[in-house]
Amino acid sequence: MIDYTSLYLSPTILFPDYQNMLISFKIYIYTPPNALSFSSPTESNFFTCLQTSPFVTQNPEEAHLYFVPFSSNLSTRSVARFIRDLRMEFPYWNRTLGADHFYVSRAGLGYESDRNLVELKKNSVQISCFPVPEGRFVPHKDITFPTLANITRALQSQGNRTAKYLGFVRYNGVKESNLVNELRNDSDFLIESEPSSGTTLVGRLGSSVFCLFEHGADVSGIGEALRFGCVPVVVVDRPMLDLPLMDVIRWQKIAIFVGSRGGVKEVKRVLDRTCKDDECVGRRRLGVVASQHFVWNNMPQPYDSFHMVMYQLWLRRHTIRYARREFV
């Protein structure tokens with residue numbers, strides 16, 4: 001018997017609070033300085049869904065948060081000018097120095113000397129694509145998008161399948177290194193030499209217990225691995241602070257994290273130690289449940305990627321409170 005609530009950090013809070021968000025949450029979108037263009041489908045999908053969502057308000061006085069939209073290729077100087085204009089034209093930025101504002105930046109913003117950029121980076125919530133380059137993500141403030149999953153149907157059975165391989169590595173899922181060479185020479189692992197999709201990818205995920213990803217490589221397939229009952233194994237040599245949905249799910253229940261320095265021998269040792277047969281079944285089933293939060297729909301559906309990003313923004317609406325002026 002799998003306790004599905006164990007997937008979530010605070011299940012007794014999450015579900016009623018999510019419903020409250022749907023009713024109450026309001027966001028004001030500033031007019032962008034130019035026609036928007038984004039460098040990733042996830043950014044574009046999020047903005048399209050936000051624009052047409054009931055969260056948007058035309059009355060900035062009732063907004064909980066303010067969205068600062070700018071194109072992916074906009075120069076830092078232009079972004080600073082945009083913030084300066086918002087500061088001069090609207091009262092909302094100055095009330096919190098941007099702490100109730102958020103923006104989207106695929107790779108995250110770096111630290112600049114301009115006052116406007118400093119306040120944007122330090123105070124406002126940044127939403128980026130996972131993984132974020134080192135030094136460009138502020139834990140407990142910033143958010144990463146759930147990885148874009150293209151496959152939308154799950155395997156019918158997660159508990160009674162025969163695994164042909166211990167681990168599967170998607171094309172570009174790990175960086176070239178000694179570890180990759182060791183994996184290629186180990187018959188327990190299947191390493192893709194070119195991208196696969198459709199039934200081929202489904203078959204490879206379905207015939208493997210684990211799917212390996214390396215932090216800093218292409219991790220876009222984590223959502224698909226979860227959906228098809230393949231336990232994600234993230235190869236990383238430092239603490240992971242930018243995982244998607246860190247405010248919501250217990251990643252240790254659905255994924256395994258291992259360092260690269262011990263080579264394939266250490267990877268196997270960790271997998272054998274942390275995932276016995278019954279535990280693997282539990283991880284796979286919880287992963288399938290979690291995968292609903294990694295689906296981007298053209299029309300947002302309950303608890304999908306768009307709504308879980310919105311929920312994480314909702315959690316941040318009280319970071320700084322300010323007194324509203326009341327007129328008698």
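Starting from 1, each residue takes its place in the sequence as its number. All heavy atoms count here, side chains included; hydrogens, waters and symmetry mates do not.
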Asker: If you group Ile, Leu, Val, Met, Phe, Trp and Tyr whenever their side-chain heavy atoms sit less than 4.5 Å apart, what else falls in with Tyr111?
Answerer: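 Listed partners: Val138.
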Asker: Heavy-atom distance under 4.5 Å between the side chains of Lys121 and Glu112, does that happen here?
Answerer: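 No. Closest side-chain heavy atoms not under 4.5 Å.
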Asker: Got Arg204 and Tyr165 here, is their nearest side-chain heavy-atom distance under 4.5 Å?
Answerer: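 They are not in side-chain contact.
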Asker: So that I can tick it off, tell me whether Glu266 and Arg269 are bridged by a salt bridge, with the cut-off set at under 4.0 angstrom between side-chain N and carboxylate O.
Answerer: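 Looking at Arg269 and Glu266, the cut-off is met.
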Asker: Describe, in one word, how the ring planes of Tyr303 and Tyr18 are oriented to each other, choosing from parallel (under 30°), tilted (30 to 60°) and perpendicular (over 60°).
Answerer: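 If you compare the ring of Tyr303 with that of Tyr18, the planes turn out parallel.
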Asker: Which heavy-atom pair separates Phe15 from Pro11 by the least distance, and what is that distance?
Answerer: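 Shortest heavy-atom contact: CD1-O, 3.1 Å.
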Asker: Could you tell me if the side chain of Leu313 sits less than 4.5 Å from the side chain of Ile127, heavy atoms only?
Answerer: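 Yes, close enough: below the 4.5 Å cut-off.
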Asker: Apply side-chain hydrogen bond (donor to acceptor under 3.5 Å, both in side chains) to the pair Arg84 and Asn116, showing each step before the final yes or no.
Answerer: CA-CA 6 Å; Arg84 182 201 64 192; Asn116 300 288; over 6 Å; no
Asker: Look only at the side chain of Asn123 and the backbone of Leu97, and say whether a donor-acceptor pair between them is shorter than 3.5 Å.
Answerer: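 Yes; judged by distance alone, with no hydrogens or angles, the pair exists.
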Asker: How close do Pro300 and His307 get, heavy atom to heavy atom, and via which atoms?
Answerer: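 Scanning both residues, the minimum pair turns out to be CB-CE1, 3.5 Å.
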Asker: Quick check for you: to the nearest 0.5 Å, what is the distance between Leu179 atom CG and Arg184 atom CZ?
Answerer: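 Between Leu179 CG and Arg184 CZ, I get 10.0 Å after rounding to 0.5 Å.
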Asker: Taking Arg87's backbone N and O only, do any of them form a donor-acceptor pair with Glu89's side chain (distance below 3.5 Å, no angle check)?
Answerer: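 No; zero donor-acceptor contacts below 3.5 Å.
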Asker: Can you confirm whether more than 12 heavy atoms, excluding those of Asn178, are under 6.0 Å from its CG atom?
Answerer: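 Atom CG in Asn178 is not crowded, with 12 or fewer foreign heavy atoms closer than 6.0 Å.
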Asker: Can you confirm whether Asn298 is buried at CG, in the sense that more than 12 heavy atoms of other residues, nucleotides or ligands lie under 6.0 Å from that atom?
Answerer: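 No, because the 6.0 Å sphere around CG of Asn298 holds 12 heavy atoms or fewer from other groups.
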Asker: Is there a path from Leu241 to Leu243 through hydrophobic residues (I, L, V, M, F, W, Y) whose side chains come within less than 4.5 Å of each other?
Answerer: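 No, no single cluster joins them.
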Asker: Look at Asp186 together with Lys268 and state whether they make a salt bridge at an N to O cut-off of under 4.0 Å.
Answerer: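 Yes.
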Asker: Look at the side chain of Asp17 and the backbone N and O of Leu14, then say whether any donor-acceptor pair between them is shorter than 3.5 Å.
Answerer: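 Between the backbone of Leu14 and the side chain of Asp17 there is no qualifying donor-acceptor contact (under 3.5 Å).
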Asker: Is the ring pair Phe306/Phe46 parallel, tilted or perpendicular, if the boundaries are 30 and 60 degrees?
Answerer: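 Aromatic pair Phe306/Phe46 classed tilted.
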Asker: Looking at Glu192 and Tyr171, would you say the former's side chain and the latter's main chain have a donor-acceptor pair under 3.5 Å?
Answerer: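 Here the side-chain-to-backbone pair exists.
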Asker: For the residue pair His215 and Phe257, establish whether any side-chain heavy-atom pair is separated by less than 4.5 Å.
Answerer: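 His215 vs Phe257: side chains apart.
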Asker: Is there a path of hydrophobic side-chain contacts, each under 4.5 Å between heavy atoms of I, L, V, M, F, W or Y residues, that connects Ile143 with Tyr8?
Answerer: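 In one cluster: yes.
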Asker: Compute the ring centroids of Tyr66 and Phe90, then answer whether they are less than 6.0 Å apart.
Answerer: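 No, they do not, as the ring centres are separated by 6.0 Å or more.
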Asker: State yes or no: do Val132 and Leu109 share one hydrophobic cluster built from I, L, V, M, F, W and Y residues joined by side-chain heavy-atom distances below 4.5 Å, directly or via other members?
Answerer: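 Hydrophobic grouping puts Val132 apart from Leu109.
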Asker: Under 4.5 Å between any side-chain heavy atoms of Ile256 and Leu271, yes or no?
Answerer: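 Yes. Closest side-chain heavy atoms under 4.5 Å.
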Asker: Hey, does Met310 have a side-chain heavy atom less than 4.5 Å from the side chain of Leu50?
Answerer: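 Sidechains of Met310 and Leu50: in contact.
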Asker: Taking NZ, NE, NH1 and NH2 as the nitrogens, is one of them in Arg316 or Asp247 under 4.0 Å from a carboxylate oxygen of the other?
Answerer: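 Yes, Arg316 and Asp247 are salt-bridged.
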Asker: Quick check: does any side chain N or O of Ser44 sit under 3.5 Å from a backbone N or O of Pro41, one acting as donor and the other as acceptor?
Answerer: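 Side chain of Ser44 to backbone of Pro41, a donor-acceptor pair under 3.5 Å: no, none is there.
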Asker: Any donor and acceptor pair, going by atom type alone, linking the side chain of Glu214 with main-chain N or O of Val235 inside 3.5 Å?
Answerer: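 Between the backbone of Val235 and the side chain of Glu214 there is no qualifying donor-acceptor contact (under 3.5 Å).
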Asker: Fit a plane to each ring of Tyr28 and Tyr92, take the angle between them on a 0 to 90° scale, and name the class: parallel (under 30°), tilted (30 to 60°) or perpendicular (over 60°).
Answerer: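 Rings of Tyr28 and Tyr92: tilted, 30 to 60°.
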Asker: Can you tell me how far the CG atom of Leu190 sits from the OG atom of Ser208, to the nearest 0.5 Å?
Answerer: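 Output value for this atom pair is 6.0 Å.
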Asker: Run the numbers on Asp237 and Arg261 for salt bridge (charged side-chain N to carboxylate O under 4.0 Å, His left out), then give the verdict.
Answerer: CA-CA 8 Å; Asp237 293 313; Arg261 295 185 179 92; 3.6 Å; yes
Asker: Compare every heavy atom of Phe38 with every heavy atom of Phe70, then report the nearest pair and how far apart it is.
Answerer: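 Smallest interatomic distance, heavy atoms only, reads O-CE2, 4.0 Å.
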Asker: Do Lys265 and Glu182 meet the salt-bridge criterion of a basic N to acidic O distance under 4.0 Å?
Answerer: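 The answer is no: the pair does not qualify as a salt bridge.
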Asker: Pick from Ile27, Leu22, Ile23: which one makes a side-chain contact (heavy atoms from CB on, under 4.5 Å) with Phe25?
Answerer: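 For Phe25, the side-chain contact (heavy atoms from CB on, under 4.5 Å) check succeeds only for Ile27.
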Asker: Check this for me: Gln252, atom CD, are more than 12 non-hydrogen atoms of other residues, nucleotides or ligands nearer than 6.0 Å?
Answerer: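 For Gln252, atom CD is crowded (more than 12 foreign heavy atoms under 6.0 Å).
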Asker: Rounded to the nearest 0.5 Å, how far does NZ of Lys164 lie from CG of Asp188?
Answerer: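 Interatomic distance, Asp188 CG to Lys164 NZ, rounded to 0.5 Å: 12.5 Å.
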Asker: In sequence, state the C-alpha distance, the side-chain angles, and the governing distance for Glu62 and Thr57, and then conclude on side-chain hydrogen bond (donor to acceptor under 3.5 Å, both in side chains).
Answerer: CA-CA 8 Å; Glu62 70 175 11; Thr57 177; 2.4 Å; yes
Asker: Starting from Val118, can I reach Val68 by hopping between I/L/V/M/F/W/Y residues whose side chains sit under 4.5 Å apart?
Answerer: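 Val68 does not cluster with Val118.
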Asker: Is the ring pair Phe67/Phe47 parallel, tilted or perpendicular, if the boundaries are 30 and 60 degrees?
Answerer: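 Answer is tilted, since the angle falls between 30° and 60°.
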Asker: Between Arg317 and Asp100, does at least one N-O distance fall below 4.0 Å, as a salt bridge requires?
Answerer: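 Judged by the 4.0 Å cut-off on N to carboxylate O distance, Arg317 and Asp100 do not form a salt bridge.
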Asker: Testing Leu226, Ile254, Val231, Ile249 one by one against Leu286 for a side-chain contact (heavy atoms from CB on, under 4.5 Å), which residue passes?
Answerer: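 Exactly one option meets the side-chain contact (heavy atoms from CB on, under 4.5 Å) with Leu286, and it is Ile254.
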Asker: With a 6.0 Å cut-off (strictly less than), is the heavy-atom count around CD of Gln51, excluding the residue itself, greater than 12?
Answerer: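 Atom CD in Gln51 is packed in, count exceeds 12.
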Asker: Contact between Pro69 and Val104 at the side-chain level, heavy atoms closer than 4.5 Å - yes or no?
Answerer: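 Counting from C-beta outward, Pro69 and Val104 never come under 4.5 Å.
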Asker: For Gly229 and Val288, work out which heavy atoms get closest and say how close.
Answerer: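 Looking at all heavy atoms of both residues, the closest pair is N-CG2, 4.1 Å.
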Asker: So how far is it from Leu166 CG to Ser187 OG, rounded to the nearest 0.5 Å?
Answerer: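 Those atoms lie 10.0 Å apart.
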Asker: I'd like to know if the side chain of Trp251 and the backbone of Pro244 have a donor-acceptor N/O pair within less than 3.5 Å.
Answerer: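 Yes, Trp251 side chain to Pro244 backbone: donor-acceptor pair under 3.5 Å.
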Asker: Is a side-chain donor or acceptor of Ser72 paired with a backbone partner of Ser39 at a separation under 3.5 angstrom?
Answerer: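 Judged by distance alone, yes, a pair lies under 3.5 Å.
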Asker: Taking the side chain as every heavy atom from C-beta outward, state whether Lys175 and Val180 have any atom pair closer than 4.5 Å.
Answerer: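 With C-beta onward as the side chain, the pair stays apart.
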Asker: Establish whether Leu9 and Leu315 are linked, either directly or via other cluster members, by ILVMFWY side-chain heavy-atom contacts under 4.5 Å.
Answerer: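 Each belongs to a different hydrophobic cluster.
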Asker: Closer than 3.5 angstrom, by distance alone: can the side chain of Trp296 be matched with the main-chain N or O of Pro146 as a donor-acceptor pair?
Answerer: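 Confirmed, Trp296 side chain pairs with Pro146 backbone.
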Asker: Verify the neighbour count for atom NZ of Lys141: are there more than 12 heavy atoms of other residues, nucleotides or ligands below 6.0 Å?
Answerer: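 Atom NZ in Lys141 is packed in, count exceeds 12.
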Asker: What are the two closest heavy atoms between Val295 and Asp304, and how far apart are they?
Answerer: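 Heavy atoms only, the tightest pair is O-CB, 3.3 Å.
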Asker: Looking at His293, is its backbone amide N or carbonyl O close enough to the side chain of Ser305 to form a donor-acceptor pair, meaning the two atoms are under 3.5 Å apart?
Answerer: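 Checked: pair present.
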